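First up is the structure itself, then whatever we jot down about it.
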Amino acid sequence: MTFGYSRDDVGTFVPAYMGKGILLDDPFVTLDTEGVGQLIKMTVENGRAVKPSLKIGVCGEHGGDPRSVKFFSNDAGLSYVSCSPFRVPIARLAGAQASVEK
C-alpha cells in the first residue's frame with residue numbers, strides 16, 4: 001500500500017500505528033514490498049523493456065535496510081543501492097547475503 005505521509009509529520013502518528021499493529025514497519029525505513037514493491041517491479045520491467053541495459057537504483061534510507069536491499073537485489077532486479085555512509089557496512093553485507101541467496 002502506498003501512503004502520502006510527510007517525513008515531517010510521521011513522528012506524530014507512525015509510532016502509535018506500529019504499536020497498534022496498523023503498520024509493521026516504519027515506511028521511511030523498510031520498504032513495503034507487497035505494495036510499493038510491486039510498483040517498483042513494474043517500473044523496472046517497463047523501463048528495461050524499452051532499454052534492456054538501463055541501470056536502476058535506489059538511494060536513501062531504504063538503500064541501507066537489509067530487508068529492502070534483499071528485495072531490491074533479488075526481487076526487483078535493481079542495479080545498485082545507495083545510502084548514508086553510516087549504513088554502508090550494513091548495505092554491503094545485506095547485498096552480499098542477497099547475492100548468495102539468489
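All values below come from the heavy atoms of this structure, side chains included, with hydrogens, waters and symmetry mates left out. All values reported here derive from a predicted model rather than from experimental measurement.
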Would D25 and R67 pass as an ion pair if we require N to O under 4.0 Å?
-> yes
Within this structure, what is the [atom1]-[atom2] distance for the pair [X] and [Y], rounded to the nearest 0.5 Å?
X   : Y   : atom1 : atom2 : value
D26 : D65 : CG    : CG    : 10.0 Å
K70 : L31 : NZ    : CG    : 14.0 Å
Y80 : K55 : OH    : NZ    : 9.5 Å
Q97 : N74 : CD    : CG    : 11.0 Å

Quick check: does any side chain N or O of S79 sit under 3.5 Å from a backbone N or O of I56, one acting as donor and the other as acceptor?
->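 Such a contact is found between S79 side chain and I56 backbone.
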Between T12 and D9, is there a donor-acceptor pair closer than 3.5 Å when you use the side chain of the first and the backbone of the second?
->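 At least one qualifying donor-acceptor pair exists.
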Which pair of heavy atoms, one from [X] and one from [Y], lies closest together, and at what distance?
X   : Y   : value
H62 : S68 : O-CB, 3.3 Å
G64 : C83 : N-CB, 3.6 Å
S84 : E61 : OG-OE2, 4.3 Å
A91 : G63 : CB-O, 3.4 Å
R48 : L54 : NE-O, 3.0 Å
I40 : L78 : CG2-CD1, 4.0 Å

Is it the case that one hydrophobic cluster holds both [X] and [Y], taking links as side-chain heavy atoms less than 4.5 Å apart, direct or via other members?
X   : Y   : value
F3  : V10 : yes
I90 : F72 : no
V14 : I22 : yes
V88 : V69 : no

With side chain to side chain contact (heavy atoms under 4.5 Å, CB included) as the test, would you mind laying out the steps for V44 and K41 before giving the verdict?
-> CA-CA 5 Å; V44 171; K41 283 182 177 180; 5.9 Å; no
Are F13 and Y5 an aromatic pair by the rule of ring centers under 6.0 Å?
->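 Here the rings of Y5 and F13 have centres that are less than 6.0 Å from each other.
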List the steps and the verdict of side chain to side chain contact (heavy atoms under 4.5 Å, CB included) for T43 and E45.
-> CA-CA 5 Å; T43 301; E45 289 170 9; over 6 Å; no
